[in-house]
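This report refers to the structure that appears directly beneath it.
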Protein chains: 2
Amino acid sequence: MSSENIDTRTRILEATLKTLEESGGRGVRMGDIAKATGISRQALYLHFKSRTELLIAATHYRDDLLDIEGRLAPSRAAKTGVERLRLYIEFWGHFVPEIYSVGKALMSVEDTDKDAAAAWHDRMWAMRDGCRAVIDALHQDGALAEPWTRSKATEALWTMLLVPNWEHLTMECGWSTNQYIKWMTTLAQQSFVAREIIDSE
Amino acid sequence: MSSENIDTRTRILEATLKTLEESGGRGVRMGDIAKATGISRQALYLHFKSRTELLIAATHYRDDLLDIEGRLAPSRAAKTGVERLRLYIEFWGHFVPEIYSVGKALMSVEDTDKDAAAAWHDRMWAMRDGCRAVIDALHQDGALAEPWTRSKATEALWTMLLVPNWEHLTMECGWSTNQYIKWMTTLAQQSFVAREIIDSE
DNA sequence: GTGTCAATTGACACAGTGTCAAGTGACACG
DNA sequence: CGTGTCACTTGACACTGTGTCAATTGACAC
């Protein structure tokens with residue numbers, strides 16, 4: 001682990017992200033990444049034991065660059081549950097486009113690769129934690145709409161925010177990030193916030 | 001195209017569906033299908049020019065067995081837009097589980113195979129037509145909620161009903177078909193039906 | 001000048017798809 | 001009875017992409 005070593009590793013990760021972004025996370029081979037890094041395909045295996053491990057490392061690398069904690073701060077500091085919901089969806093709406101390509105690459109080997117499935121699953125459960133916190137905040141305010149239990153509401157919000165929904169609305173339907181955020185926010189408020197509370201805002 | 005020929009073709013399609021269902025649409029190889037049919041792998045290529053073509057044929061074969069038109073009749077016969085919305089989601093909620101495995105297999109080669117992508121895309125656009133008809137019916141009744149245009153509402157409903165949402169709620173969260181249908185219906189009504197109309201039902 | 005270490009080259013195993021050629025076995029038709 | 005046809009079989013092989021291995025290079029360090 002000399003500094004040379006770390007440097008090449010970083011260059012690989014940078015090249016991986018760049019290549020994935022250029023291709024929308026589709027059809028990127030080890031040879032492509034090697035070429036983009038400017039090293040031989042085999043050298044990739046000196047740093048990462050498999051394609052999946054490289055993809056996972058690239059995901060973590062990207063996370064580190066993105067200051068997730070800092071971006072989550074506003075929603076965590078929200079004074080009401082409704083505010084927290086709004087800010088969380090706003091965070092998510094800006095976050096997804098930045099992790100989409102790497103995520104897509106990971107998702108598309110999910111079926112054949114246990115490690116990739118587990119890594120993606122982890123991320124999705126972290127997102128679920130955010131959803132749970134939002135729902136808990138609503139519940140604390142007495143603002144969780146009627147038939148919902150906290151766990152069912154968490155699952156429902158979690159589902160609404162799934163990446164394929166974002167993918168479909170933006171890629172297939174051409175919605176902007178702001179349209180996405182606006183609709184998801186409205187939808188979530190209508191679903192999860194008691195009507196008295198919405199009316200009184 | 002003798003009757004012998006058709007018979008084997010049918011046996012292949014049956015075996016394909018069975019195999020896909022058993023594996024949830026994941027990791028099914030040509031060899032597996034051949035074995036399940038009781039013929040050699042190469043014989044598959046006498047009937048279908050590629051794996052993708054077989055998957056597509058299996059999708060159509062399944063469609064023919066499922067009487068889609070008959071099942072859609074109730075929603076098409078609905079007297080009001082709200083009724084049509086409800087019945088369409090009910091149709092869809094029962095339909096998805098029956099096409100899920102084949103659909104999954106098709107979706108998972110979508111990224112690498114143009115034909116598979118096109119075939120899946122077609123199905124999704126057929127479903128979109130259903131969504132558009134629902135939204136049009138609401139609009140006709142003057143029941144489409146305020147900020148929505150017909151095309152944006154169609155896209156939104158279309159997205160809500162996407163297969164990955166069903167997959168996530170049932171497979172990951174353990175929801176039943178009825179829970180799925182109930183929630184989707186409520187969600188869609190809250191989103192797309194003007195509040196006066198909901199209140200007056 | 002010797003050792004170390006990252007990286008290179010080239011060969012190869014493996015899985016899965018798809019192709020090809022030669023052969024088999026049943027059935028039909030003259 | 002013999003001949004042709006047709007579905008299917010067997011076995012070999014090309015191709016792509018991942019992952020492994022062994023031998024080699026070239027730089028820097030002591």
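Below, chain A is the first sequence line, B the second, and so on; all start at residue 1.
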- Query: Among pairs that include at least one residue of residues 166-183 of chain B, which meet salt bridge (charged side-chain N to carboxylate O under 4.0 Å, His left out), considering only residues two or more places apart or in two chains?
  - Reply: B:Lys104-B:Glu167
- Note on the structure: With sequence neighbours left out, the residues meeting side chain to side chain donor-acceptor pair (under 3.5 Å) with B:Glu69 are B:Arg76
- Task: To the nearest Å, give me how far apart CG (A:Asp111) and C1' (C:dG16) are.
- Result: 16 Å
- Between A:Leu46 (CG) and D:dT24 (P), how many Å, whole number? 18 Å
- For B:His47 and D:dA7, give me the distance from atom NE2 to atom P, rounded to whole Å. 8 Å
- Query: What pair of heavy atoms forms the shortest contact from A:Val109 to A:Ala116, and how long is it?
  - Reply: CG2-CB, 3.6 Å
- Query: Is there a residue in residues 101-110 of chain A whose heavy atoms reach under 4.0 Å of DNA chain C, and which residues are they?
  - Reply: none
Show me the protein contacts with nucleotides 18-20 of chain C, counting only N or O atoms at under 3.5 Å.
unit_1, atom_1, unit_2, atom_2, d
C:dG18, OP2, B:Tyr45, OH, 3.1
C:dG18, OP2, B:Arg51, N, 2.8
C:dG18, N7, B:Arg41, NH1, 3.0
C:dG18, N7, B:Arg41, NH2, 3.4
C:dG18, O6, B:Arg41, NH2, 2.9

- Message: Please determine whether a side-chain nitrogen of the Lys or Arg among A:Asp32 and A:Arg29 lies less than 4.0 Å from a carboxylate oxygen of the Asp or Glu.
- Response: yes
- Message: I'd like to check the side chain to side chain donor-acceptor pair (under 3.5 Å) partners of B:Arg132; sequence neighbours left out, ordered by chain and number.
- Response: B:Asp136
- Task: Measure from CG on B:Asp7 to P on D:dC8 and round the result to the nearest Å.
- Result: 9 Å
- CG of B:Leu44 versus P of D:dA7: gap in Å, rounded? 15 Å
- Pairing partner of D:dC30 (Watson-Crick or G-U wobble, both distances under 3.5 Å): C:dG1
- Query: Quick one: are the ring centres of A:Trp148 and A:His139 less than 6.0 Å apart?
  - Reply: no
- Task: Mind checking side chain to side chain donor-acceptor pair (under 3.5 Å) for A:Thr52 and listing every partner two or more places apart, or none if nothing turns up?
- Result: A:Asp113
- Message: With a 4.0 Å cutoff (strictly under), does any side-chain N or O of A:Thr8 reach OP1 or OP2 of C:dA6?
- Response: no
- Query: Taking CG from A:Leu55 and P from D:dT18, how many angstroms apart are they, rounded to a whole number?
  - Reply: 10 Å
- Could you tell me whether B:Glu14 and B:Arg11 have a side-chain N and a carboxylate O separated by less than 4.0 Å? no
- Give a yes or no on whether a salt bridge exists between A:Lys18 and A:Glu21, defined as a side-chain N under 4.0 angstrom from a carboxylate O. no
- Task: Calculate the interatomic distance between A:Leu54 atom CG and D:dG17 atom P; express it in whole Å.
- Result: 17 Å
- Query: Separation of A:Arg11 atom CZ from C:dA6 atom P, in whole Å?
  - Reply: 14 Å
